[in-house]
Protein chains: 2
Amino acid sequence: MRTIDEIGTPALLLEHGILERNLERMRAQLGRLGVALRPHVKTCKSIEVARLALAGQPGGITVSTLKEAEYFAAHGVRDILYAVGIAPGKLAGVANLRKRGIDVCVILDNAAAAAALIAGAEQLETVFPVLIEIDVDGQRAGIAPDGASLPELVRLLGESPRVELRGVMTHAGKSYDCRTAIELRDMAERERAGVVLAASRMSAAGFPATVISVGSTPTALAAETLEGVTEVRAGVYMFNDLVMAGIGVCSTDDIAMSVLVSVIGHQPDRGWIITDGGWMALSRDRGTAAQARDQGYGLVCDAAGAPVPEDMIVISASQEHGIIARRDGGSVNMGDYPVGRLLRILPNHACATAAQHAGYEVLANDGAVVATWPRINGW
Amino acid sequence: MRTIDEIGTPALLLEHGILERNLERMRAQLGRLGVALRPHVKTCKSIEVARLALAGQPGGITVSTLKEAEYFAAHGVRDILYAVGIAPGKLAGVANLRKRGIDVCVILDNAAAAAALIAGAEQLETVFPVLIEIDVDGQRAGIAPDGASLPELVRLLGESPRVELRGVMTHAGKSYDCRTAIELRDMAERERAGVVLAASRMSAAGFPATVISVGSTPTALAAETLEGVTEVRAGVYMFNDLVMAGIGVCSTDDIAMSVLVSVIGHQPDRGWIITDGGWMALSRDRGTAAQARDQGYGLVCDAAGAPVPEDMIVISASQEHGIIARRDGGSVNMGDYPVGRLLRILPNHACATAAQHAGYEVLANDGAVVATWPRINGW
């Protein structure tokens, strides 16, 4: 039996049991709401994780890069939504995948991108399936569900023989700013209502939507109804993280991913324990900085995954050094944290932390390292 | 001729001419001070860049991980300082490299790590060269140059037949908080004086130091004398970044590295341009947040590398989206930034941004993409 003592530090650990429990929770929630799940694989970037997430689901995934699309297609996934506004320079890559029989659907939110897509489709002698991106929260991309430009864009796309206009999608990224169950529920409803309104305006313009897609982990888990929605995209729910725990979507016990680090020294006068887990292993993400409970660069757990009794966080990180201290600034018995001791750090943001690693060391419930699952990065 | 139009976005660009100029500047500075350069390759993680940095130098490098040591050793580097306090679990990896004839020297700052190293050396039937890490600024690891524990640690290491105690090293990480030329000069002197004091106390304890090592890009460039120092470690100087520009160590014209992105949409009412360069391509590093000039997630330049006239920064980033806006919040003519336009983003922190990429697209002075240099990540 291989154990975590043998894998070297820093390393990315994945608790198989917690992962399965998180997947089952989302499966149950969307089953109850009667909506299909299209897992967003930008968090895991691993075919092994995606296969578990796809169990009992229709089989389609969401990606954030062409490289993810190519990787998952190479591993047998044939239904892919590329959910970042398509850049004209990426159309050839999408067309290449489509020629291989992979159903890649793209998104866009403006007439210039639509014109570039139509011109690209003509040049590449293909047809692109498209969803129009809707903005429900003013956070990022998308067009207003009630604005004048939506029907214009619907007609521009719908009337082109180079486009298969499938519907609308949105992402309520602002759900990450929610702090209460009521705010989360209201945000989920805003996401649902916005995209359903956009779909009804598509129909009114003569082009009914067959895909009506929403997605974010907080709204997916908080939604009380998803009436009118055909699919939900979510990715972080697989692993969870401290940001999700801070929002109230999960507890720290539900975080499947952690970074294994070794103690390399101490600064007893300052109450610091120094480890080999710096920002290169943890990421620079400080997503909990604006939450009620700022977790620094991560929450410190023992080698078995339970938070240490002193309530310690990574207060500072350089490239390959992490500095651990009590949250309250109090003193720590350094003898309890000897040089060489293994600790686990729960991450602020699963997507960002996982991206710093080439794979997952998968742990069974008994602590055995039962597999190493590679993941991809890059574009 | 390959151009940046053909490489896809996001991508990491490296201006060969600026890189060479930055290398020459450090070479001239240390030549003037009469001290050897031991480049820190944790920033570049590329043998091609390291070879340029080593030209005219003694040939030794500094690394931050065992994987870097193994990679550079595989490419012919034979003199390596592993400048992160050694974890007991990594001694076998160091011993393996040493058995292949690579001179890997480790560092530590405490008796427990020293005892583990001596025990490991006995078990592995080897001898480890060691530098003692000195703390000159209270920022991270190291022991005080004037404290009682230094001579004790010197004797513990010096008297062991399993240790070749070579000397002392320090890193004035607090130089990143300097804001004026005088502060930088004083910090460089504090770094020098601290490590020289530690070396003299080593000698007094009966173990003269042959290596007296300092290093950080700001102090290396600001030092007026390095008397008593034998070598300087620095890495960021190769590329420079917005943090260095904010400290006053370089200008934005001296930043050799940038991230190429494509415009994918707009939010005209909010003055936003949306690109495909999110935090996955830029990193989550916000190193300029506490500086006088907060650069957001990066400074926006045109495709040729000159800052755009509207003075725009990346004000927000999600995984694969960057939001660009004027620093002053003013309006932008969106027609000047059409969908598909290429832009370059100068990074806050070269080490963090480069780590998000698998390699560098190397640009000649005429803008041609003349090479792709791979880089490594992980441990």
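Basis for what follows: all heavy atoms, side chains included, without hydrogens, waters or symmetry-related copies. The sequence lines fix the lettering, A, B, ..., with proteins before strands; numbering per chain opens at 1.
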Taking side chain as everything from C-beta outward and backbone as N, CA, C, O, which of these in Ser316(A) sits under 4.5 Å from a heavy atom of chain B? Side chain, backbone, both or neither. neither
Arg284(B) side chain near His349(A) side chain, heavy-atom distance below 4.5 Å: yes
Does any backbone or side-chain atom of Asp5(A) lie under 4.5 Å from a heavy atom of chain B? Answer side chain, backbone, both or neither. neither
Heavy-atom distances under 4.5 Å only: say whether Ser64(A) touches chain B with side chain, backbone, both or neither. both
Tell me, side chain or backbone of Arg286(A) under 4.5 Å from chain B's heavy atoms, or both, or neither? neither
Applying a strict 4.5 Å limit to non-hydrogen atoms, the region of Asp285(A) in contact with chain B is both
Non-hydrogen atoms of chain B under 4.5 Å away: do they reach the side chain of Ala115(A), the backbone, both or neither? neither
Does any backbone or side-chain atom of Ala87(A) lie under 4.5 Å from a heavy atom of chain B? Answer side chain, backbone, both or neither. both
Closest heavy-atom pair, Thr65(B) versus Glu320(A), reported as atoms and distance to 0.1 Å, is CG2-OE2, 3.2 Å
Heavy-atom contact with chain B under 4.5 Å, split by part of Glu6(A): neither
Non-hydrogen atoms of chain B under 4.5 Å away: do they reach the side chain of Ala352(A), the backbone, both or neither? both
Which atoms of Gln267(A) come close to chain B, meaning under 4.5 Å heavy atom to heavy atom: side chain ones, backbone ones, both, or neither? side chain
Under the side-chain contact (heavy atoms from CB on, under 4.5 Å) rule, what do Lys90(A) and Thr9(B) come out as? Steps first, then yes or no, please. CA-CA 8 Å; Lys90(A) 288 167 183 152; Thr9(B) 56; 3.9 Å; yes
Rounded to the nearest 0.5 Å, the CE atom of Met280(B) sits from the OG atom of Ser283(A) at a distance of 10.0 Å
Interface residues of residues 335-342 of chain A facing chain B - heavy atom cut-off under 4.5 Å: Val339(A), Gly340(A)
With His321(B), which residues qualify under ring-ring contact (aromatic ring centres under 6.0 Å, His included), at least two apart? none
In Å and rounded to the nearest 0.5 Å, what is the CG to CH2 distance from Leu12(B) to Trp379(A)? 8.5 Å
Looking at side-chain heavy atoms only, is the closest gap between Ile264(A) and Ile86(B) below 4.5 Å? no
